[in-house]
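Here the structure is laid out as structure tokens; the discussion comes afterwards.
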Amino acid sequence: MKIFLIGFMGCGKSTLGRQLARKLGYSFVDVDKYIEDEEGSLIPDIFAAKGQEYFREIERDSIKKLSEHSDCVIATGGGAPAYFDNMEVMNRAGLTIYLKMDSATLINRVVNSPNPRPLLMGKTREQMFALVDEMLSQREPFYHQATVVINGKNIKVTDLIEELKKW
Ligand code: S3P
């Protein structure tokens, strides 16, 4: 089985994905980390040096490549579902799970996270609120194409395992 975790920045895809993979005895791949290893460069540096368009192409190619793996949990970057046919590719390859969270919770989590997010860099809290709200409403139609939509707030890996029993 192959599981894709999708959702906005800060919703916990990587943390939960790693825990889920460990419980299932699957391998875990974080698409952003995979891209950083392939490119030999950190995500903010890729954005700065080559631009978002270049990043989105590498992201699409990585998702296609990773879709051929089996028995793994794959955490995508928050924007991935909203570009190209990425949602279709993931839905064809495995079970997609959207970790849904409200924008206020997401902002708090992103602000307190050690990972720099190039799309939110240098923004005040007010600007961030407006931007996250706008991006979330643009992206939700894509996120909702996931096979499973689950409330990500306070979710535990055991809740995800319970959900998986239905599939
Ligand atoms: C992005 C989210 C990031 C990373 C890049 C772009 C986005 O991943 O892919 O900074 O467009 O939302 P996380 O969701 O893991 O932060």
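Remember, predicted model here, so these are calculated numbers, not experimental data. As the structure lists them, so they are numbered: ligands from 1, and atoms in each ligand from 1. Reckoned from all heavy atoms, side chains included, excluding hydrogens, waters and symmetry mates. Residue indices begin at 1 and follow the sequence shown.
Ionic pairing of Arg56 and Glu53 is not present here: no N-O contact between side-chain nitrogen and carboxylate oxygen is shorter than 4.0 angstrom. Salt-bridge annotation for Lys166 and Glu163: present, with a side-chain N of the basic residue lying under 4.0 Å from a carboxylate O of the acidic one.
Sparse packing is recorded around NZ of Lys153, with 12 or fewer heavy atoms of other residues, nucleotides or ligands lying under 6.0 Å away.
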Check against salt bridge (charged side-chain N to carboxylate O under 4.0 Å, His left out), Lys33 and Asp37 | CA-CA 6 Å; Lys33 180 78 181 61; Asp37 291 345; 3.0 Å; yes

Output, in order, the C-alpha distance, side-chain angles, deciding distance and verdict of side chain to side chain donor-acceptor pair (under 3.5 Å) for Asn108 and Thr105.
-> CA-CA 5 Å; Asn108 270 325; Thr105 309; over 6 Å; no

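Atoms of ligand 1 found under 4.0 Å from any heavy atom of Pro118, numbered from 1 in the order shown, are 10 (O). Close contacts of ligand 1 with Gly77, meaning ligand atoms under 4.0 Å from a residue heavy atom, involve 8 (O), 9 (O), 14 (O). In the vicinity of Arg56, heavy-atom distances shorter than 4.0 Å reach the ligand 1 atoms 6 (C), 7 (C), 11 (O). Atoms of ligand 1 found under 4.0 Å from any heavy atom of Leu119 (numbered from 1 in listed order, with element): 7 (C), 11 (O). Atoms of ligand 1 lying under 4.0 Å from at least one heavy atom of Phe55, given by number and element, are 9 (O).
In this structure, atom 7 (C) of ligand 1 lies nearest to the protein heavy atom Gly79 N, 3.3 Å.
Shown here are the side-chain hydrogen bond (donor to acceptor under 3.5 Å, both in side chains) partners of Ser62, two or more places apart in sequence or in another chain: there are none.
At least one heavy atom of Lys13 lies less than 4.0 angstrom from ligand 1. The shortest separation from a heavy atom of Arg139 to ligand 1 is under 4.0 Å, placing the residue in contact.
Of all the heavy atoms of Asn115, none lies under 4.0 Å from any atom of ligand 1, so neither backbone nor side chain is involved. Of all the heavy atoms of Arg117, the ones lying under 4.0 Å from any atom of ligand 1 belong exclusively to the side chain.
Listed for the Asn86 side chain is no donor-acceptor partner under 3.5 Å among the backbone atoms of Arg60. Put simply, the side chain of Ser103 never gets that close to the backbone of Val132: no donor and acceptor are under 3.5 Å apart.
The heavy atom nearest to atom 9 (O) of ligand 1, considering only Asp32, Ile46, Ile43, is found in Asp32.
An N or O contact shorter than 3.5 Å is missing between Met135 and ligand 1 by distance. Between Gly7 and ligand 1, not a single N/O pair is under 3.5 Å apart.
Taking the six-membered ring for Trp and thresholds of 30 and 60 degrees, Phe47 and Phe55 have ring planes inclined between 30 and 60 degrees apart.
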